[in-house]
Structure formats: C-alpha cells, structure tokens
Amino acid sequence: MPKAPRASLVEDVYDELAQEILSRQPGQETWLPNTAELSEQFGVSRTVVREAISRLESQGLVEPCHGVGLKAVRRLHKPVMASLSLLLPDQAERLRQATATRFLLEVEIARLAAAHMDESGLQKLREAQARLADPEVTLERAVEADTDFHQVLADQCGNLVLKLMLESIVELCRESRRLTIESTGFERPWFSHQRVVAAIEQGAPEAAADAMREHLELTRTDLTAQLAELEGGREQDHQCQRLG
C-alpha cells in the first residue's frame, strides 16, 4: 500500500499556491502549471501536489478543466453553498433564509461603505447602475449588474469578514435576483440602489444603512410574492396529477 503524503508537505504546497492565487487580480483568467511542473517546482512528489490541488478545489480556488489544465478561480463561497444545499434542500427556503441573512450583513456593509468609499468605488457603483438601467439589458446582464453593485459595497466596506460572508451566499442572491427582476423589471432595484448611492455620495453612513434596509425590504416583498406564485403553481400541478 502506498504511503500517504506527509501532511506538512501538502500544507506547504497548498498554502503557497493558495496565496499565489489570492494575490492575482480578481476576474483575470489564469492557469496553474500542470501536476508534473508543480511537482518539479516544489520538489515534491506528484501525490503531494494532487492532494494540495484537491484541497484547493474543495476551497473553491482551482477548477480542473479536463484536457486543458487547472484554472485559478476565487470561489471561496463554494464550500458554504455545498453545505447549504445539504442542510436546506428546499430551494425556496434557502432563498428566504439567504434574504434574511442579507439584512444582517448588507445594512452594516452599506454603513461602512459610506465611511470608506473612494472615488474608484463610487465610479464602479455608477457603472453598475448604468448597466442595470440599459433599456436593452438582458435578464442575466441585469442580474450581474445588480450583483456587482452589492459586491462593490462589500469590497469598499473595509471588513473582509463581512465581504466573505456575503460572497458565501452570492449564488443564492443571484437566483433571488433572477426571480424578482424577471417579474418586476430592473426599475425597482435601480431606484432603491440610487438612494444608497446618494447617501454614500453625501458621506452619510446612517442614511446609507437606512437606504439599504429599505432596499432589502422591497427585495423580500418581491421575492415572497414570486415564491408564493411558484409554490402555488407547483401545488396546482400536483393536484392535477393526483386527479389525473
């Protein structure tokens, strides 16, 4: 039976690769060397490299692409999303609880962002708003623009724990936005976003927190209506199947 790789060697390779990936520019597509090259680079066996890569993948830092190589990514929310899917198999309930969690995170994020926002961050907020308001915007692009708006606030809030916690539910937030924007359009989120932007431009943390709270209340109302409609439709289908 082959010996298991020494934990210290695996951790050394994992740590160095993780730090290298995290130091790269977010959004920039980059690739890691193959297993043989990494083995030579670190002076360890391929077994050690494979174990380190397995850890990186479980943490959402690499994505193996068959026949291509190892893509460096920053999906640190991946382990949390996998756990949530197991703990809350019902998607509607996951969305409800994610929305409740957003109140705990994003009101404070908006407050802190108003105190720390720089001109670059403000420009990114305005760009996201412009994309959201584009008359020819598709549903998916509207969802991404909305997501980017909230991501900028998290990036600018100065608190990495809050930022990572919000990123851990980003896929649920996207799904929520798909449901609400498809139903109500982008005007509602755009107008409530504008109140957040105005408060941040004025350097008013409490006003930004209040504006975000109002925005999330609107989001919860729209999502609740959409989920009720979807669940009602499913129940009707089940009744038809039983009668049929």
Side-chain angles (χ1 to χ4, degrees), residues 18-30 60-61 72-77 98-99 101-174 176-178 180-181 184-220 222:
Q19 290 305 313
E20 180 187 339
I21 292 168
L22 291 172
S23 69
R24 297 181 182 188
Q25 188 69 24
Q28 180 183 357
E29 184 172 284
T30 55
L61 288 172
V73 296
R74 295 182 68 167
R75 295 174 182 155
L76 295 171
H77 59 277
T99 300
T101 302
R102 290 182 66 190
F103 280 87
L104 301 175
L105 300 176
E106 293 204 63
V107 172
E108 185 61 20
I109 284 173
R111 179 185 286 111
L112 291 172
H116 293 93
M117 183 73 65
D118 58 27
E119 189 55 40
S120 171
L122 262 176
Q123 184 59 33
K124 289 176 182 177
L125 284 181
R126 294 170 183 141
E127 288 172 358
Q129 282 290 81
R131 286 157 48 212
L132 185 59
D134 184 343
E136 298 183 2
V137 70
T138 64
L139 174 61
E140 285 306 313
R141 288 183 179 178
V143 168
E144 284 308 308
D146 195 331
T147 301
D148 289 347
F149 180 90
H150 291 268
Q151 184 62 56
V152 172
L153 293 174
D155 289 342
Q156 292 277 316
C157 79
N159 187 310
L160 286 176
V161 175
L162 282 174
K163 179 177 181 292
L164 182 56
M165 290 177 72
L166 183 62
E167 287 175 350
S168 72
I169 58 170
V170 68
E171 296 303 329
L172 291 174
C173 294
R174 280 198 181 94
S176 173
R177 289 176 183 120
R178 273 189 203 95
T180 56
I181 292 175
T184 66
F186 59 74
E187 293 88 353
R188 283 160 72 83
W190 186 89
F191 277 113
S192 53
H193 282 182
Q194 278 300 101
R195 290 194 286 272
V196 177
V197 174
I200 290 174
E201 288 174 334
Q202 295 163 14
E206 292 308 316
D210 289 342
M212 179 58 73
R213 189 179 294 107
E214 291 172 7
H215 171 55
L216 293 174
E217 288 288 2
L218 186 65
T219 297
R220 178 157 57 188
D222 291 344

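Not measured: the values here are computed from a predicted model.
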Testing Thr101, Leu160, Leu105, Asn159 one by one against Met165 for a side chain to side chain contact (heavy atoms under 4.5 Å, CB included), which residue passes? Leu105
Is any side-chain heavy atom of Val196 closer than 4.5 Å to a side-chain heavy atom of Ile200? yes
Short N-O contact, Glu167 and Lys163, less than 4.0 angstrom: yes
Nearest 0.5 Å please: distance from the CG atom of Leu153 over to the CG atom of Leu162. 12.0 Å
So which heavy atom on Leu218 is nearest to which on Ser192, and how close? CD2-OG, 4.3 Å
One should read off an interatomic distance between Ile169 CD1 and Arg102 CZ, to the nearest 0.5 angstrom, of 7.0 Å
Residues in salt bridge (charged side-chain N to carboxylate O under 4.0 Å, His left out) with Arg111, at least two apart? Glu108, Glu206
Are Asp210 and Arg213 ion-paired here, with the side-chain N under 4.0 Å from a carboxylate O? yes
dist Glu214:CD -> Glu217:CD (nearest 0.5 Å) comes out at 9.0 Å
Beyond-backbone contact of Arg131 with Val137, side-chain heavy atoms, under 4.5 angstrom: no
Run the side-chain contact (heavy atoms from CB on, under 4.5 Å) check on Gln156 and Met117 step by step: do they pass? CA-CA 6 Å; Gln156 292 277 316; Met117 183 73 65; 3.5 Å; yes
Indicate the atoms forming the closest heavy-atom contact of Pro205 with Ala114, along with that distance. CA-CB, 3.6 Å
Would you say that Val170 contacts His150 through its side chain, given a criterion of any heavy-atom pair below 4.5 Å between the two side chains? no
Charged N-O contact under 4.0 Å between Arg177 and Glu144: no
Atom CG of Leu132 and atom CH2 of Trp190: how far apart are they, to the nearest 0.5 Å? 9.0 Å
dist Thr147:OG1 -> Arg174:CZ (nearest 0.5 Å) comes out at 5.0 Å
Give me the atom names and distance for the closest heavy-atom approach of Cys157 to Leu112. O-CB, 3.4 Å
Is the closest side-chain heavy-atom distance between Ile181 and Asp222 below 4.5 Å? no
Of all the heavy-atom pairs spanning Gly121 and Val152, show the shortest one and how long it is. O-CG1, 3.5 Å
Is it the case that the side chain of Thr219 and the backbone of His215 share a donor-acceptor pair, with hydrogens and angles ignored and the cut-off at 3.5 Å? yes
Here the pair of heavy atoms bringing Pro189 nearest to Asp146 is CB-OD2, 3.7 Å
Kindly assign one of parallel, tilted or perpendicular to the pair His193 and Phe149, based on the angle between their ring planes and the thresholds 30° and 60°. parallel
Kindly indicate, with the supporting measurements, whether the criterion side-chain contact (heavy atoms from CB on, under 4.5 Å) is fulfilled by Ser120 and Gln123. CA-CA 5 Å; Ser120 171; Gln123 184 59 33; 5.8 Å; no
Are Glu136 and Arg141 ion-paired here, with the side-chain N under 4.0 Å from a carboxylate O? no
Minimum-distance pair of heavy atoms, taken over all atoms of Ala199 and Ala208: CB-N, 3.3 Å
Lys124, NZ atom: more than 12 neighbouring heavy atoms under 6.0 Å: no
Residue pair Arg188 / Thr180, side-chain heavy-atom distance below 4.5 Å: no
